[in-house]
Amino acid sequence: MDGSKTPVTAPVLILLGPPGAGKGTQARMLEDRHGLVQLSTGDLLRAAVAAGTPAGQRAKAVMEAGDLVSDEIVIAILSDRLADADCVRGVILDGFPRTTVQAEALDALLQATSQRINAAISLEVDDAAMVDRISGRFTCGGCGEGYHDTFKPTAKPGVCDHCGSTEMKRRADDNAETVAQRLAAYHAQTAPLIDYYAGQGALSRIPAMGAIDEIATALESVVAQATA
Ligand code: ADP
Ligand code: ZN
């Protein structure tokens, strides 16, 4: 770079929070409103497991136990996806980074392409409520829309509001024992990233125990500020 021009870079947003905090739901809403691309390492890993790739084969048992997949695998999957052409529109990282090693790798990746993190947004929730949220959730197999038995049911039982598909999926790791392990992994390995991004001056905290739309409104004002 010759320094004569500040490059206009696409927004990079990070959603932080324990499993069940609503990262995926909010990321999808941001994707719709802002044309950003949602990058979920959980989704990318589940796709690798389903496709039976070598990385997927290594990740499967780890995910079923509720532990974190190795940094090496996750960073490789994420950096590949980040290089895809659609990501020039800007990205919302959902479920990545989850460790300090991943956060440092992300910083290096962005630096190499003259990008920066606009905001790391922590969705703040009570652990106790997360087990209920996660155990009731399911996704549309047709379009990926997320639902919940109690908090966000489909209008017609078993039929997606968005695409009309009747193929609903529940994740293998959304059971009470695995959820407890996933929460423990969050506190031990991911929660320290809140301080990491506070130290970079990039952190915003949003109370995320309320209704989905209220949280979306709070998020919207953070995103508007961060991308202004
Ligand atoms: P949730 O946040 O609801 O637990 P995800 O779909 O983000 O669900 O992740 C599911 C599982 O995939 C995690 O429990 C973990 O095993 C693995 N995983 C996803 N993202 C990462 C990551 N960045 N680092 C390590 N493991 C990951
Ligand atoms: Zn659907």
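One-based numbering, in listed order, for ligands and for the atoms of each. Computed from a predicted structure; not experimentally measured.
Ligand 1 does not have Met130 within reach: every non-hydrogen atom of the residue lies 4.0 Å or more from it. The shortest heavy-atom distance from Asp173 to ligand 1 is under 4.0 Å.
Closest heavy-atom approach to atom 16 (O) of ligand 1 among the candidates Asp67, Leu68, Val69: Asp67. Between the choices Lys60, Arg182, Arg171, Arg133, the shortest heavy-atom distance to atom 10 (C) of ligand 1 belongs to Arg171. Of the listed residues (Arg137, Gln189, Lys23), the one carrying the non-hydrogen atom nearest atom 3 (O) of ligand 1 is Arg137. When the options Ile134, Leu45, Val62 are ranked by their closest heavy atom to atom 27 (C) of ligand 1, first place goes to Leu45.
Summary of contacts: the protein heavy atom closest to atom 20 (N) of ligand 1 is Thr41 OG1, 2.8 Å. In this structure, atom 9 (O) of ligand 1 lies nearest to the protein heavy atom Arg98 NH2, 3.5 Å.
The two residues Lys23 and Leu16 have their closest heavy-atom pair at CD-C, 4.0 Å. Heavy-atom minimum distance, Asp94 versus Gln38: OD2-NE2, 2.9 Å.
The SG atom of Cys163 and the SG atom of Cys140 subtend an angle of 100° at the Zn ion (ligand 2), given to the nearest 10 degrees.
Other members of the cluster containing Val131 are Val125, Met130, Ile134, Val179, Leu183, Met209, with ILVMFWY side chains joined at under 4.5 Å, either directly or via other members.
Taking a cutoff of 4.0 Å between a charged side-chain nitrogen and a carboxylate oxygen, Asp174 and Arg182 qualify as a salt bridge. Salt-bridge annotation for Arg81 and Asp86: present, with a side-chain N of the basic residue lying under 4.0 Å from a carboxylate O of the acidic one. At a threshold of 4.0 Å, the pair Lys152-Asp161 does not count as salt-bridged, since none of the basic side-chain nitrogens sits closer than that to a carboxylate oxygen.
Of all the heavy atoms of Met63, the ones lying under 4.0 Å from any atom of ligand 1 are found in both the backbone and the side chain.
Interface atoms of ligand 1 facing Arg46, defined by a heavy-atom separation under 4.0 Å, are 6 (O), 10 (C). Atoms of ligand 1 found under 4.0 Å from any heavy atom of Gln102 (numbered from 1 in listed order, with element): 22 (C), 23 (N), 24 (N), 25 (C).
If you check the side chains of Glu167 and Ser165, you find no donor sitting under 3.5 Å from an acceptor. A side-chain donor-acceptor contact under 3.5 Å links Asp107 and Gln200.
With sequence neighbours excluded, no residue forms a ring-ring contact (aromatic ring centres under 6.0 Å, His included) with His34.
For a threshold of 3.5 Å applied to N or O pairs, the pair formed by Gly95 and ligand 1 contains at least one separation below that value. Residue Asp94 places no N or O, backbone or side chain, under 3.5 Å from any N or O of ligand 1.
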